[in-house]
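What follows is a short report on a single structure.
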2 protein chains.
Amino acid sequence: MIDQKSLRILKILQEKARIPNAEVSRQVGLAPSAVLERIRKMENQGIIDGYEVRLNPERFNRKQVAFIEVTPKPDAYIPDLGEKLAAIADVLEVHYVANGDGFLLKVRTADTLSLGNLLQQKINTMKEVQSTKTTTVLSTTKETSRITIE
Amino acid sequence: MIDQKSLRILKILQEKARIPNAEVSRQVGLAPSAVLERIRKMENQGIIDGYEVRLNPERFNRKQVAFIEVTPKPDAYIPDLGEKLAAIADVLEVHYVANGDGFLLKVRTADTLSLGNLLQQKINTMKEVQSTKTTTVLSTTKETSRITIE
DNA sequence: CCTGAAATATTGCCAGA
DNA sequence: TCTGGCAATATTTCAGG
């Protein structure tokens with residue numbers, strides 16, 4: 001589906017997305033125009049979804065990671081609840097999970113105090129929410145969104 | 001700590017990291033050299049950690065997301081176990097959590113079959129691991145690493 | 001911390017293979 | 001799908017405020 005040359009380009013971009021095309025072309029041994037053509041194609045095909053800056057959460061007061069299991073009320077309309085949870089700024093991930101048919105959220109807040117506020121003021125007050133169970137993170141060994149590409 | 005101009009630059013890069021500096025400078029109304037100076041400084045200060053391409057997991061056979069709670073044996077050396085778990089390619093995140101003093105992993109695999117293989121062959125075979133409890137994701141509403149910056 | 005100028009490098013387009 | 005050429009842009013450095 002994706003050939004070796006494109007995989008090499010993607011691996012380079014996984015490491016350092018903001019580098020000149022010309023340098024990528026040097027590393028893979030193609031003309032810059034060929035690399036550009038491949039990248040544009042992968043963008044159009046939806047293989048590449050975009051490019052992001054990776055910021056240090058500590059420098060923006062978002063040190064505290066937590067995971068929150070949200071149990072909806074039996075009559076809750078699930079898709080709506082998912083959207084409402086996703087709309088909260090400090091909620092980074094919203095997954096609907098097999099375990100107990102609820103949501104699992106990943107959130108980032110300044111500290112446990114603001115985590116408490118998020119729970120009390122924004123999540124537990126939703127009419128669709130029955131209960132929540134929070135797991136706070138003490139330390140993180142690895143945290144990436146980089147998927148394995150072969 | 002970080003002024004409004006730098007925040008605007010970062011917000012632009014959060015959306016589209018791989019755009020010419022000159023375009024950033026047009027959007028924020030500074031000379032290109034000033035924008036370059038600010039970005040370099042933030043890179044050196046560790047405010048900016050890097051730049052990544054965002055790939056579509058479906059196109060690389062990593063559709064299945066799961067969360068795995070790993071309970072270590074009572075005598076396990078925790079930092080080592082964290083490193084060993086982090087070294088597994090399809091393990092994207094390794095968090096040491098307050099809940100039961102174990103690890104919470106986020107993983108991405110092709111499907112539930114390869115998730116099973118990961119558990120049986122790589123994780124449950126570790127000498128430090130007592131047990132695991134896996135939560136598979138049925139659907140994802142939101143998944144970003146973009147933190148809230150103001 | 002900024003601007004503006006100048007040298008160097010890159011991008012993006014196109015023709016041709 | 002590639003290369004190579006070329007004009008238009010972009011990057012980066014530096015002097016000066």
Side-chain angles (χ1 to χ4, degrees), chain A residues 1-63 110 144-150, chain B residues 1-62 110 145-150:
Chain A
M1 191 172 89
I2 302 171
D3 69 10
Q4 282 306 117
K5 285 174 185 167
S6 287
L7 284 180
R8 274 200 70 194
I9 293 171
L10 291 177
K11 280 177 187 166
I12 292 166
L13 293 178
Q14 277 189 321
E15 300 291 335
K16 257 178 148 296
R18 210 175 140 74
I19 63 171
N21 229 327
E23 196 177 324
V24 179
S25 76
R26 262 178 253 120
Q27 292 187 34
V28 300
L30 288 177
S33 50
V35 173
L36 180 67
E37 199 174 19
R38 280 169 176 271
I39 291 178
R40 289 277 178 274
K41 187 180 276 183
M42 289 191 284
E43 288 169 354
N44 293 332
Q45 289 176 335
I47 293 169
I48 292 176
D49 266 351
Y51 307 91
E52 279 183 0
V53 64
R54 194 170 57 243
L55 299 178
N56 185 342
E58 305 211 0
R59 307 302 284 274
F60 295 92
N61 248 286
R62 289 295 182 283
K63 208 188 311 207
T144 184
S145 56
R146 200 177 297 177
I147 61 173
T148 312
I149 65 178
E150 1 95 71
Chain B
M1 189 174 89
I2 302 171
D3 69 9
Q4 283 304 118
K5 284 174 185 168
S6 287
L7 284 179
R8 275 200 70 194
I9 293 170
L10 291 177
K11 280 178 187 166
I12 292 167
L13 293 178
Q14 277 189 321
E15 301 290 334
K16 257 177 150 296
R18 211 174 138 75
I19 64 170
N21 228 325
E23 196 178 323
V24 178
S25 76
R26 262 179 254 119
Q27 291 187 35
V28 300
L30 289 176
S33 51
V35 173
L36 180 68
E37 197 175 21
R38 279 169 176 272
I39 290 178
R40 288 276 178 275
K41 186 179 278 183
M42 290 191 283
E43 288 169 354
N44 292 333
Q45 289 177 332
I47 294 170
I48 292 177
D49 265 350
Y51 307 90
E52 278 184 0
V53 63
R54 194 169 57 244
L55 300 177
N56 185 341
E58 305 210 0
R59 308 301 284 274
F60 294 91
N61 248 288
R62 290 295 181 285
S145 57
R146 199 177 298 178
I147 61 174
T148 312
I149 65 177
E150 303 132 277

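Naming convention: chains lettered A, B, ... in sequence-line order (proteins, then strands); numbering from 1 in each chain. What you see below is based on every heavy atom in this structure, not just the backbone, and it leaves out hydrogens, waters and symmetry mates.
We find that CG of Leu30(A) is positioned 8 Å from C1' of dC2(D), with the value rounded to whole Å. Taking atom CD1 on Ile39(B) and atom C1' on dT11(D), their separation rounds to 12 Å, with Å as the unit. Between Glu23(B) atom CD and dT9(D) atom P the separation is 13 Å, expressed in whole Å. Regarding Arg38(A), its CZ atom lies at a distance of 13 Å from the C1' atom of dT3(D), rounded to whole Å. Whole-Å rounding puts the Arg26(A) CZ to dG4(D) P distance at 15 Å.
Side-chain proximity of Glu37(B) to the nucleotides dT10(C), dC2(D), dC2(C) is greatest for dC2(C). For Ala22(B), the side-chain atoms get nearest to dA10(D) when compared with the rest of dT10(C), dC2(C), dA10(D).
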- request: Starting at the 5' end of nucleotides 12-17 of chain D, put B wherever the base has a protein heavy atom under 4.0 Å, S where only the sugar-phosphate does, and a dash everywhere else.
  value: SB----
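Map Ala31(A) and Arg18(A) each onto its nearest nucleotide of DNA chain D; the residue landing nearer the 5' end is Ala31(A).
Counting heavy atoms from C-beta outward, Ile149(A) and Gln14(A) have side chains that approach closer than 4.5 Å. Proximity of Ile39(B) to Glu43(B): side-chain heavy atoms (C-beta onward) are separated by under 4.5 Å at one or more points.
Under the rule for a side chain to side chain donor-acceptor pair (under 3.5 Å), Arg8(B) has no partner lying at least two apart in sequence or in another chain.
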Distance-only check: which donor-acceptor pairs under 3.5 Å involve side-chain atoms of residues 22-37 of chain B, not counting sequence neighbours?
{"unit_1": "Ser25(B)", "atom_1": "OG", "unit_2": "Ala22(B)", "atom_2": "O", "d": "2.7"}

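Between Arg59(A) and Asp49(B), none of the side-chain N atoms (NZ, or NE/NH1/NH2) sits under 4.0 Å from a carboxylate O, so this pair counts as no salt bridge.
What you find for Ser6(B) and Arg38(B) is that their closest heavy atoms are OG-NH1, 2.7 Å.
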